[in-house]
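What follows is one structure encoded as structure tokens, with my remarks underneath.
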Amino acid sequence: MALIDRSILLIGECMIELSPLQGGEFKSGFAGDTFNTAWYLRRKMRDAWNVGYFTAVGDDHWSAEMLRFFAGAGVDTRDVVTVAGRSPGLYIVRLEKGERSFSYWRSNSAARAMMDDKEQFERSLEGKGVIFFSGITLAILSPENRDRFIAALAQARLKGSLIAFDPNVRPHLWESSDVMRSTISKAGEVADIVLPSFEDEHTHFGDKSSEETIRRYATEPGKVIVVKNGGHEVVTQSSQGDLSFWAPAKVENPVDTTAAGDAFNAGFLASYLEDENIPDAVACGGALAAKVISKLGALVD
Ligand SMILES: Nc1ncnc2c1ncn2[C@@H]1O[C@H](COP(=O)(O)OP(=O)(O)O)[C@@H](O)[C@H]1O
Ligand SMILES: [Mg+2]
């Protein structure tokens with residue numbers, strides 16, 4: 001795979017995370033699907049790679065803290081847009097009998113305005129070796145901006161960028177299931193690497209097997225499709241069209257599956273982008289995901 005540059009730009013929304021401590025106290029952190037992948041990628045990839053994040057932040061204290069957090073994690077912030085008067089989205093974690101649930105305040109977050117300056121967005125894509133986004137990235141955009149987003153990615157692909165996409169299907173973020181399905185399908189068409197989770201695809205697209213998910217996203221030859229499935233087999237199709245299967249090792253003490261898929265994506269891409277070896281890349285993604293689900297929180301050491 002001849003990449004035009006050893007850089008990967010991830011696009012999406014990072015939020016403030018408040019998670020419970022003992023005694024009714026909370027601690028703050030930062031997380032969000034594509035950002036989690038960026039954070040793990042930065043740790044997994046060699047220094048020769050640049051890992052950058054594209055999003056919008058506001059001009060308040062928490063936006064500045066978020067940028068400091070990105071930079072502290074080694075994630076390049078040069079493409080982050082600032083939108084005056086806005087703030088980052090927020091979610092609060094509730095822990096009850098070991099089950100985590102989430103409440104979100106993100107409907108007017110700065111990230112939703114990340115494409116308000118379309119030229120700036122397109123400039124950010126220029127020359128990037130790899131561009132990664134998810135169904136959540138699309139869900140938070142306006143309908144017009146979703147079309148522009150997909151068109152800009154198609155352009156970037158023509159100019160040589162490799163496009164990677166995790167559908168991360170979240171119906172509550174979309175105005176309708178039909179718009180969600182058609183937008184996610186269009187996004188899949190412009191991607192070279194698609195990383196869906198079978199559970200999502202089964203529930204919202206009706207796929208009966210991971211192979212069916214692969215066939216649906218394999219809209220042209222040469223795509224790599226990687227279907228995750230919780231504790232079950234990961235099924236992949238290589239760019240040559242060969243299927244392969246990988247069973248995750250049993251995780252003895254799964255504490256918190258938050259960000260399992262995001263971490264898997266990072267482990268997979270970090271390995272695949274080096275040598276295009278699918279079995280090694282799946283094992284690398286699975287090993288990182290296994291580590292993440294045996295600890296509490298989205299971003300774990
Ligand atoms: N119970 C589990 N046991 C072992 N591995 C798991 C388990 N749940 C998740 N994983 C690992 O995390 C990956 C992603 O999990 P999955 O639940 O499919 O994604 P998502 O978090 O996006 O829903 C799986 O492919 C697997 O490698
Ligand atoms: Mg996922």
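Counting convention: from 1, in listed order, for ligands and their atoms alike.
Of the charged side-chain nitrogens involved, none lies within less than 4.0 Å of a carboxylate oxygen, so that Asp33 and Arg170 do not count as a salt-bridged pair.
Within the listing of ligand 1, atoms 27 (O) sit less than 4.0 angstrom from a heavy atom of Gly286. Every atom of ligand 1 with a heavy atom of Val234 under 4.0 Å away is listed here by number and element: 25 (O).
Between the side chains of Asp178 and Ser176, no donor-acceptor pair is found at a separation under 3.5 Å. Checking Glu233 against Ser210 by side-chain atom types alone, no donor-acceptor pair falls below 3.5 Å. In this model, a donor atom of one side chain and an acceptor atom of the other lie less than 3.5 Å apart for Thr213 and Asp207.
Between Gly261 and ligand 1, a contact under 3.5 Å exists for at least one N or O pair.
Of the heavy atoms in Asn229, only backbone atoms (N, CA, C, O) come closer than 4.0 Å to ligand 1.
When Glu201, Glu189, Glu211 are each tested for a salt bridge (Lys or Arg N to Asp or Glu O under 4.0 Å) with Arg216, only one passes: Glu201.
Taking the ring centre of Trp39 as origin, the terminal cationic atom of Arg43 falls inside the region bounded by 6.0 Å and 45° from the ring axis.
Taking the six-membered ring for Trp and the full ring otherwise, the centers of Phe30 and Phe70 sit at least 6.0 Å from each other.
Comparing Ala287, Ala289, Ala249 against atom 13 (C) of ligand 1, the shortest heavy-atom distance belongs to Ala289. Of the candidates Ala263, Ser197, Pro167, Ala290, the one placing a heavy atom closest to atom 22 (O) of ligand 1 is Ser197. The residue among Gly230, Pro248, Pro196 with a heavy atom at the shortest distance from atom 6 (C) of ligand 1 is Gly230.
With hydrogens left out, the protein atom closest to atom 3 (N) of ligand 1 is Gly231 CA, 3.6 Å, a heavy atom. Protein heavy atom closest to atom 4 (C) of ligand 1, with residue, atom name and distance, is Val251 CG2, 3.5 Å.
Among the atoms of Ser134, no N, O or S atom is found under 2.8 Å from the Mg ion (ligand 2).
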